[in-house]
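Worksheet for the structure shown next.
Order of listing sets the numbers, starting from 1, for every ligand and every atom in it.
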Amino acid sequence: MTEAIDISVDFAGLRLANPVFTASGTCGYADELADFIDINQLGGFITKSITAKPRKGNPTPRIVETDAGMLNAIGWANVGLDKFIEEKLPVIEKLSVPVFINVAGETISEYIAVVERLAAEQTIAGFELNISCPNVEKGGINFGTDPEQVKEITSAVKKTCGGKMLMVKLAPAVTDISVIARAAVEAGADALSLINTFTAMVIDIETRRPVLANKTGGLSGPAIKPIAVYLVNKVYNEVAKQRRIPILGMGGIRNASDAIEFIIAGASAVAAGTANFIEPGCAVKIIEGIKKYCISHNITNIKDLVGSLGTG
Ligand SMILES: Cc1cc2nc3c(=O)[nH]c(=O)nc-3n(C[C@H](O)[C@H](O)[C@H](O)COP(=O)(O)O)c2cc1C
């Protein structure tokens, strides 16, 4: 029955079979969830952050559970561009799902180095620019909190994308997220993804020290969901709607109801992150749940649900 419903979406000119992604950093490079789900059932897949050089990441412990969420301070641990191309790209080449490469770096030239090498790869649908990671000393969020820097990095990367889609991932803890979103769009972003995590701390009261070796980490999971929904709605109303820029909404999504909230708020697509650690197959369940919702609410085209938040 649910097969008859078409929930495909046009995401910045790219046709996605459905609006459900997995979020960067929570599902590896491509095939790590293969024992649990068929990745090709997703609307889109986003790799963990790739940097020009390999990174060990921050010292451990670098994750800790919180009430309704978790903190992570992974610090972009990844194999680096060369090994990614050698070992992971061949796996990605076999997938039919659109794959986005999440790119990070300490300097603009590092971001460019990654994008330049991957721009000609047929198998890659686009890039997600991580300028919102709170867990590194250099780069990351430092690019994503100042509109001038957002413009500079976005336009520099856009020039090297080879026409592939560029999605800019926004940090939530800024004075006005719409100012940052506008800067990204004016500099050439084709899509926006939001939100990344909030800097936070957990303290061990016996040692009176932070639990994470990095002291702070990024808060994710259900605890941040209402803030994420609000920020998606704000960016949709103030920036994305008029300019027809699609939003990939994320932050605490665990099930179809959560995903539908984001879509009503203005997201054209959604991503599940932290929820994958609890239920690795959750993204596929979310797709089915969205279809069921559309049937029971007589929605024939999911696009009618995007930004359909009532007022008053
Ligand atoms: C363990 C972990 C690792 C993450 N790594 C990355 C990353 O490499 N790059 C990135 O842009 N975001 C990363 N994120 C942020 C998520 O992609 C997402 O923006 C955030 O967690 C909010 O969604 P959620 O509440 O569904 O997890 C990471 C999140 C977690 C929990």
Sequence neighbours left out, cut at 3.5 Å: what donor-acceptor pairs do the side chains of residues 252-276 make with other protein atoms?
| from | atom 1 | to | atom 2 | distance (Å) |
| --- | --- | --- | --- | --- |
| Asn255 | OD1 | Ser257 | N | 3.2 |
| Asn255 | OD1 | Asp258 | N | 2.9 |
| Asp258 | OD1 | Lys225 | NZ | 2.8 |
| Asp258 | OD2 | Arg254 | N | 2.8 |
| Asp258 | OD2 | Asn255 | N | 3.4 |
| Glu261 | OE2 | Lys225 | NZ | 2.8 |
| Thr274 | OG1 | Ser220 | OG | 2.7 |
| Asn276 | ND2 | Ala272 | O | 2.9 |
| Asn276 | ND2 | Gly273 | O | 2.9 |

| task | Anything with a heavy atom under 4.0 Å from ligand 1 counts, so go ahead and list those protein residues by chain and number. | result |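 Those residues closer than 4.0 Å to ligand 1 by some heavy atom are Ala23, Ser24, Gly25, Thr26, Ser49, Met70, Asn72, Asn102, Asn130, Lys169, Ile195, Asn196, Thr197, Ser220, Gly221, Ile224, Met250, Gly251, Gly252, Gly273, Thr274, Phe277.
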| Are the side chains of Ile92 and Phe84 in touch, meaning some heavy atoms are under 4.5 Å apart? |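 Yes, close enough: below the 4.5 Å cut-off.
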| request: Tell me, please, which residues at least two apart from Thr107 pass side-chain hydrogen bond (donor to acceptor under 3.5 Å, both in side chains). | output: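 Applying side-chain hydrogen bond (donor to acceptor under 3.5 Å, both in side chains) to Thr107 gives Ser109.
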| task | Could you pull out all residues at least two apart from Arg117 that satisfy salt bridge (Lys or Arg N to Asp or Glu O under 4.0 Å)? | result |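 Salt bridge (Lys or Arg N to Asp or Glu O under 4.0 Å) list for Arg117, sorted by chain: Asp82.
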| said: Please report the interatomic distance CZ(Phe127) to CE(Met165), rounded to the nearest 0.5 Å. | reply: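 Atom-to-atom, Phe127:CZ and Met165:CE are 11.5 Å apart.
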| query | Would you call Lys234-Asp176 a salt bridge at under 4.0 Å N-O? | reply |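 So Lys234 pairs with Asp176 through a salt bridge.
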